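Worksheet: one structure, shown below.
Atoms considered below: every heavy atom in the structure, side chains included; atoms not considered: hydrogens, waters and symmetry mates. Throughout, a chain's letter reflects where its sequence line sits, starting with A, and its residues are numbered from 1. All of these numbers come straight from a predicted model, not from anything done at the bench.
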There are 2 protein chains.
Amino acid sequence: MPTIGDVARLAGVSTGTVSRVLNQRAGVHPQTRERVIEVMERLGYVPMRAARELTGHSDTVGILLAPGVRRYIPYFVLLFEHLTEALWREGLRVEETPTDAAGLPLKPARGYILLGAHDHDPRLEALQNAQTPHVLIGVYPGTYWVAPDDEGGAYAATRHLLELGHREIAHLTGQPQHQVGRERLLGYRKALEAYGVPFQPHLVLDGDFSTLTAYRVLRKAWEQGLCFTGLFAASDEMAVGAAAALEDLGLRIPQDVSLVGFDDLPEIGATLTTVRQDIGQVARAAVRLLKESLAGGGPHGMRIPVQLVLRGTTSLREVRTA
Amino acid sequence: MPTIGDVARLAGVSTGTVSRVLNQRAGVHPQTRERVIEVMERLGYVPMRAARELTGHSDTVGILLAPGVRRYIPYFVLLFEHLTEALWREGLRVEETPTDAAGLPLKPARGYILLGAHDHDPRLEALQNAQTPHVLIGVYPGTYWVAPDDEGGAYAATRHLLELGHREIAHLTGQPQHQVGRERLLGYRKALEAYGVPFQPHLVLDGDFSTLTAYRVLRKAWEQGLCFTGLFAASDEMAVGAAAALEDLGLRIPQDVSLVGFDDLPEIGATLTTVRQDIGQVARAAVRLLKESLAGGGPHGMRIPVQLVLRGTTSLREVRTA
DNA sequence: AAAAAGGTTGTAATCGCTTACAAAATGGCC
DNA sequence: GGCCATTTTGTAAGCGATTACAACCTTTTT
């Protein structure tokens, strides 16, 4: 493992200069800088983290899930993994630290990425007061944030069903207190509107992003006579529950009911026609914004585009002949 | 933040001595050791990681989930958190590092804790060959391992139902390829046997630890005429699914069916009579064994006792009068 | 041409801890 | 008590980086 001293010697400069290059400090002659960088690359030099930390330079980033949010929601688990990967690639490290009751870490890090933030998250204030760089996943004007295009995705999903000829399209929602669910509902409504199909409140089924609730709600609704040929579930997990319910009701997918999910979670949504949210892209964007935040720029947000993925759970509406 | 120097000064010794106490090195007078430890506690001294690492002492531990295992299983997520906490308390840190396709980390750590290991886990061989200290969660003779008393817990759960007078006791299992599920089934059978109640294969319902499957399997079985007044689900998640199914079938818990879960997961199993598995204790035991492994002792395993928690989902079998 | 100003680089102390080595204390024995 | 062996303890040199400060070049100004 080459050290800063090795680089300095080979480049014919002092360790101080190498350090300055390393930390992108001003006051290094461009030629010197170039030479140093070249040597660093040749040697495959990577600064030792422990030594930097010892001098007060932490490279650890904390990933904080809002307190009270279920920690085993697949989406968050996957996002967590992708964030780890993305931070790693940028030379940043994720250190798991326990958090206090307020959801704040017991050990300070350089910056934070916040998951599952509420509208009035107490953590936000604490971080802003402490001037600690942070990025939120979700829409939060006033800070750095990253969010997928939920409304657009819902619009695309619904439009897809509409274009297949469906007119009775049910929507299985998430909880109204979650912004995500609200945005997806909005996209659904806008698509209906755009195609001149009247919005029918009774076709909106209240879910809670859980598979079991989706199953029960859907089955009950159908048994009570609700009729539809298209179904847009606000998450893959709910789509899976819905699919099971439809199966148990003796309905075939997609012949009897066309089904679209959202998220395209691996394994879970693997067989669904769904809206793909590139979690890796969300993670990379979050890391990029975090670096901007670390560098101290003006806060801003970023929407990540989503994409409809066609698989086997949707088809043209069949015209029943008697 | 107190340093090793502060401790040394207050204890009236040199930093070298404090360091020796810290690293449990021989050659420190018992009285001195005691005095130093006392001062450390009074000051709440925690050695700074970066400085230790700088002198070649990595304190990072990797937590590795077997590849192919769903990363969002509540039990694993919780275990992960408790492990983080327990390691933290021992001065060890968890660094999230991406893993390769085989589930091995891209950056070496001091030791590893393996979750969801299979019978012939390729990671095990790799770690053993590399002489890397590791602990498994689950029973694996030949290495360090920690596992809850699954069989004993299942026995206690079933016995509880038997003592309430139930004789037709169904069991909702996990997949047979998972040791955990097999052990819990065994405990169920042993309890029946101990009480002279014949084991009836048709009362064993095949689940897969998922809530949705539990719901469907249970509902279908009941609708097909299967009768029972007691139900032991091999996990809280399945118990939740079963409870929903029973509710939808118009059955009351516990008046019509007594239900026992397993794990006592927070939130999920909060209202169930269930078998509590102290995940924190499992985590602490794993960390203790990991330290032994780091110190290089003979490998051995450890069973963590579990405990029946009585809540509202079980009651005496009602004798129906017509 | 000397002085001032500014840019670039080197030097060495520092962060908190470990550890080889030296030094001091202790105890046993004659 | 003196000598030696054995514990126990202190000392100080690193580990790999950062950074304040000093020192050295260039330019520009007068």
Gap between atoms CZ and P, on B:Arg52 and D:dG16 respectively (whole Å)
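Interatomic distance, CZ of B:Arg52 to P of D:dG16: 17 Å.
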Separation of D:dA13 P from B:Leu54 CG (nearest whole Å)
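That distance rounds to 17 Å.
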A side-chain contact here means heavy atoms from C-beta on lying under 4.5 Å apart; do A:Pro47 and A:Ile4 qualify?
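Side chain of A:Pro47 against side chain of A:Ile4, heavy atoms only: no contact under 4.5 Å found.
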Check the surroundings of atom CD in B:Glu267: do more than 12 heavy atoms from other residues, nucleotides or ligands lie under 6.0 Å from it?
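Yes, enclosed.
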Any chance CD of A:Gln128 has more than 12 other-residue heavy atoms, nucleotides or ligands included, within less than 6.0 Å?
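Yes - once you tally the heavy atoms of other residues, nucleotides and ligands closer than 6.0 Å, there are more than 12.
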Residue mapping more 5' on DNA chain C - nearest nucleotide basis, B:Gly5 or A:Ser14:
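Nearest nucleotide further toward 5': that of A:Ser14.
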Nearest heavy-atom neighbours spanning [X] and [Y]:
{"X": "A:Asp150", "Y": "A:Arg303", "value": "N-NH1, 4.1 Å"}
{"X": "B:Val28", "Y": "B:Thr17", "value": "CG1-CG2, 4.3 Å"}
{"X": "A:Ala286", "Y": "A:Leu83", "value": "CB-CD2, 4.0 Å"}
{"X": "B:Ile304", "Y": "B:Ala285", "value": "CD1-CB, 3.7 Å"}

Do B:Tyr75 and B:Gln277 get their side chains close enough for a donor-acceptor pair, meaning under 3.5 Å?
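Yes.
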For B:Leu289 and B:Glu292: C-alpha separation, side-chain torsions, deciding distance, then whether side-chain contact (heavy atoms from CB on, under 4.5 Å) applies.
CA-CA 5 Å; B:Leu289 288 193; B:Glu292 280 185 37; 3.8 Å; yes
Going 5' to 3' on DNA chain C, which nucleotide is the first and which the last to come under 4.0 Å of a heavy atom in chain A?
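Reading along DNA chain C, I get C:dT8 to C:dG16.
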Expected output is a numbered-order residue list: members of residues 16-23 of chain B with a heavy atom under 4.0 Å from any atom of DNA chain D. What is it?
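Close to the strand are B:Gly16, B:Thr17, B:Arg20.
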Within residues 25-38 of chain B: residues closer than 4.0 Å to DNA chain D (heavy atoms)
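Residues of residues 25-38 of chain B that come under 4.0 Å of DNA chain D are, in numerical order, B:Gly27, B:Val28, B:His29, B:Thr32.
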Given the side-chain rings of B:Tyr144 and B:His300, with only the six-membered ring counted for Trp, is the space between their centroids under 6.0 Å?
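Yes; B:His300 has its ring centre under 6.0 Å from that of B:Tyr144.
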Looking only at side-chain N and O atoms, does B:His57 come under 4.0 Å of OP1 or OP2 in D:dC15?
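B:His57 to D:dC15 OP1/OP2: no side-chain N or O under 4.0 Å.
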